[in-house]
Every structure is written in structure tokens, then in C-alpha cells.
Protein chains: 2
Amino acid sequence: MFSIGQLSKRTGVKIPTIRYYEQMGLIDEPERSEGNQRRYTKDGLSRLSFIRHSRDLGFSVEDIRGLLDLSQHPEKPCSDAHSIAAQHLQDVQSRITKLRRLERELKRITKCDAGNVATCAVIETLADHGLCETEH
Amino acid sequence: MFSIGQLSKRTGVKIPTIRYYEQMGLIDEPERSEGNQRRYTKDGLSRLSFIRHSRDLGFSVEDIRGLLDLSQHPEKPCSDAHSIAAQHLQDVQSRITKLRRLERELKRITKCDAGNVATCAVIETLADHGLCETEH
DNA sequence: CTTGAAGCTCTAGTGGCTAGAGGAATTATA
DNA sequence: TATAATTCCTCTAGCCACTAGAGCTTCAAG
Ligand SMILES: [Zn+2]
Ligand SMILES: [Zn+2]
Ligand SMILES: [Zn+2]
Ligand SMILES: [Zn+2]
């Protein structure tokens, strides 16, 4: 049996976050000590580790809800898991694309030789998208 | 003089967002019609365009506050503007780096030949970071 | 003068936590 | 065993940058 603090240390999930996951229904309400403190089992630990790792990989809480559900049913086909993962991969890729466009634009505008704001490329560009090379 | 709706159409900023910016002190409170509706000048329009474009480029509202402030003082050196932009560029680049690591990992796990959850690479990897190739 | 679009204020919700108040339980030390 | 230090409890509110909706008022066209 682990206290919430021990669970937190073992998983790297902060204590208020654990309680938040409980409230969101991602983890079951654990048993309590006589004094009403949470006591977790190994199952609780591995479930929380699963959540932590999924968050680290960028999955949303809603995605994780689905993935946890699937993981409880080993006999089901894994196509649902794959479509969640594939969708997430797409999201990640489209975010990368957008950020790369930003990066290019930001690199360009920070090459400014002006000394003062009146003719600064940063300020001028912000005031006029026409000076940009790409859309965003 | 523009109504808030006209301003919204010209800048692409939604009406509630314009009011939100006013509340946050990013734009001045505009004059009002006799019936208490907002009436904007060309100055208000260009200030909001500046904000919109800065948001499109990913700057935070706090950054924009500083950049707007600078843009009102053309005689000042533009080094402050540059450090805001450079910091933002760094943020963008570090986000790209993280997302690329995610992308690689996600690509890897979605190559799963198993038919069911019991042996699915997606689910197995989520349960065990040891199966990952990179940190995240 | 009527009607419908557009505006007003105010409140609350989004996601995924995080911080703090004020108290109770547990654990470690003397 | 007494006390002190630490951990835990619940509850509320805040973060960012909006977005949505209720219930009302004003404006512009016909
Ligand atoms: Zn400059
Ligand atoms: Zn632009
Ligand atoms: Zn699979
Ligand atoms: Zn991993």
C-alpha cells in the first residue's frame, strides 16, 4: 500500500494532479486509511504510470481515457488504439509544421540592423503582415 | 469610426476577444456612441492589427504588451524588442525539438502488427517507458 | 414605426493542472 | 509517551487566451 506521496514519487505525478485525475475519473477512488488518507495498490501505481507516460507522449486526457479502457480489454482488436495514436501523430505533425513556419519568420525578423524602434524590422513586421514571407 | 463588428471583420479578431483585450488593457477603451456602443478610430484598428499579427506569430499577451509599448516610442533603441523576439524564437525551437522527439516515438509505436490489445505495441509502450527510444 | 441585426454586460466554461488556506492524521524524535 | 515535524485532507481560486450563452438594449433599413 502506498500513500499518495509515495505514489507521487514513484510516478513523478504531483500530488494535486493525482487528486485531479481521481476527480476526472481517470483513476478509481482508492481505499482509505482509518484517518481518511488515500492508500494505493500496485494496480493503482501501474495505472497512474500508464497515464503519466501517455501524457508525456502528448496524449490528451480524453485520449487516455479511451486507451485505459482498451487496456482493460486485452481480447479486443487494437485498431481503436491505433486510430487514437495515428490521430495524435497527425496533430503533432501539423503542430510541427506550423511551428517551423513561425521559426522561419521569427529568424528573418530578428535580423535587424536598425538601432531604434522607428525603423526596427521586428516592430515593422508586427505592424504589417505584408512583410511576411509565409502565411500563418 | 468603426463599430466593434466592423473592427472584427477588418482584423479577423472575434468580437468577444476584442472586448477581452480591452479588459486586459491591451487596447484603450474606445469612445462610445450615445447608446453606449464602442466606436473605434483608425488608430484603434492598427493597434488591434498589430496585436493580431503578433498573436499569429505566437507571441504571448505579455510580450505583446511590451512590444506595443515600445512601438509607441520610436526613438528608443530596439534591443528590447529583439530580446523579446529572440526569447520567443528559442521557445518555438525548443517546442519543435520536443515535438520531433514525440513524432519519432509515435511513428515507431504505431507500427504494430498485433491484432488485439493483449500484444499491441501502442498499449505496451504506454505501459512501459522502458520500451521507448528517447526521453521525453 | 417596425423589425431584425448587432451591440451591451455579466457569468461561466475550456484543458490540465497548480497554489494556498486551514485543519487533521501520521511519523519521527526526545 | 509527549511533542514536533511532516504529510495528508477538502475546498476554493488562479493560470492562459479565449469562447459561449443569457437576457437585455441600440441601431439601421425599409
Ligand atoms: Zn530592430
Ligand atoms: Zn505575418
Ligand atoms: Zn496494435
Ligand atoms: Zn517513453
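Keep in mind it's a predicted model, so treat the numbers as computed, not measured. Each chain gets a letter, A, B and so on, in the order the sequences are listed, and its residues count up from 1.
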The side chain of [X] lies closest to which of these nucleotides: [options]?
X	options	answer
B/Arg39	D/dC18, D/dC27, C/dT9	D/dC27
B/Tyr20	C/dG7, C/dT18, D/dC18	D/dC18
B/Arg55	D/dT10, D/dC18, C/dG16	D/dC18
B/Thr17	C/dT18, C/dC17, D/dT19	D/dT19
B/Gln37	D/dT19, C/dT26, D/dC27	D/dC27
A/Asn36	D/dT26, D/dC9, D/dT19	D/dC9
B/Ile15	C/dG7, D/dT19, D/dT10	C/dG7
A/Arg38	C/dC8, D/dT19, D/dT10	D/dT10
A/Arg32	D/dT10, C/dT9, C/dC17	D/dT10
B/Arg19	D/dA17, D/dT7, C/dC8	C/dC8

In whole angstroms, how far is the [atom2] atom of [N] from the [atom1] atom of [X]?
X	N	atom1	atom2	result
B/Leu57	D/dA17	CG	C1'	17 Å
B/Lys14	C/dG7	NZ	C1'	18 Å
B/Asp63	D/dC16	CG	C1'	13 Å
B/Ile4	C/dT9	CD1	P	9 Å
B/Leu7	C/dA6	CG	P	15 Å
A/Met24	C/dG16	CE	P	10 Å
A/Gln23	C/dT18	CD	P	15 Å
B/Lys9	C/dA5	NZ	C1'	10 Å

Checklist entry - With distance as the sole test, does B/Glu133 use its side chain to make a donor-acceptor pair with the main-chain N or O of B/Glu105 at under 3.5 Å? => result no
**Asked** At under 4.0 Å between heavy atoms, what does A/Phe59 touch on the DNA or RNA strands: base, sugar-phosphate, or nothing?
**Response**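 Counting heavy atoms under 4.0 Å across all strands, no contact is made by A/Phe59.
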- prompt: Would the number of heavy atoms belonging to other residues, nucleotides or ligands and lying under 6.0 Å from CD of B/Glu75 be above 12?
  reply: yes
query = Is the CD atom of B/Glu31 crowded by more than 12 outside heavy atoms at less than 6.0 Å?
reply =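 No - once you tally the heavy atoms of other residues, nucleotides and ligands closer than 6.0 Å, there are 12 at most.
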Checklist entry - Have B/Ser3 and B/Gln37 got a donor and an acceptor in their side chains that come within less than 3.5 Å? => result no
Check: With respect to the phosphate group of C/dA6, does any side-chain polar atom (N or O) of B/Ser3 fall under 4.0 Å of OP1 or OP2?
Finding: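 For C/dA6, OP1/OP2 do not have a side-chain N/O of B/Ser3 under 4.0 Å.
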Legend entry - Contact under 4.0 Å: B/Ser33 side-chain N or O vs C/dG7 OP1/OP2: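 No, B/Ser33 has no side-chain N/O under 4.0 Å of OP1/OP2 on C/dG7.
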Contacts of A/Ser94 meeting side-chain hydrogen bond (donor to acceptor under 3.5 Å, both in side chains) (sequence neighbours excluded), chain-then-number -> none
With sequence neighbours left out, the residues meeting side-chain hydrogen bond (donor to acceptor under 3.5 Å, both in side chains) with A/Arg52 are A/Asp56
Go nucleotide by nucleotide along DNA chain D from the 5' end; which of A/Tyr40 and B/Tyr21 gets its closest nucleotide reached first?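 Result: A/Tyr40.
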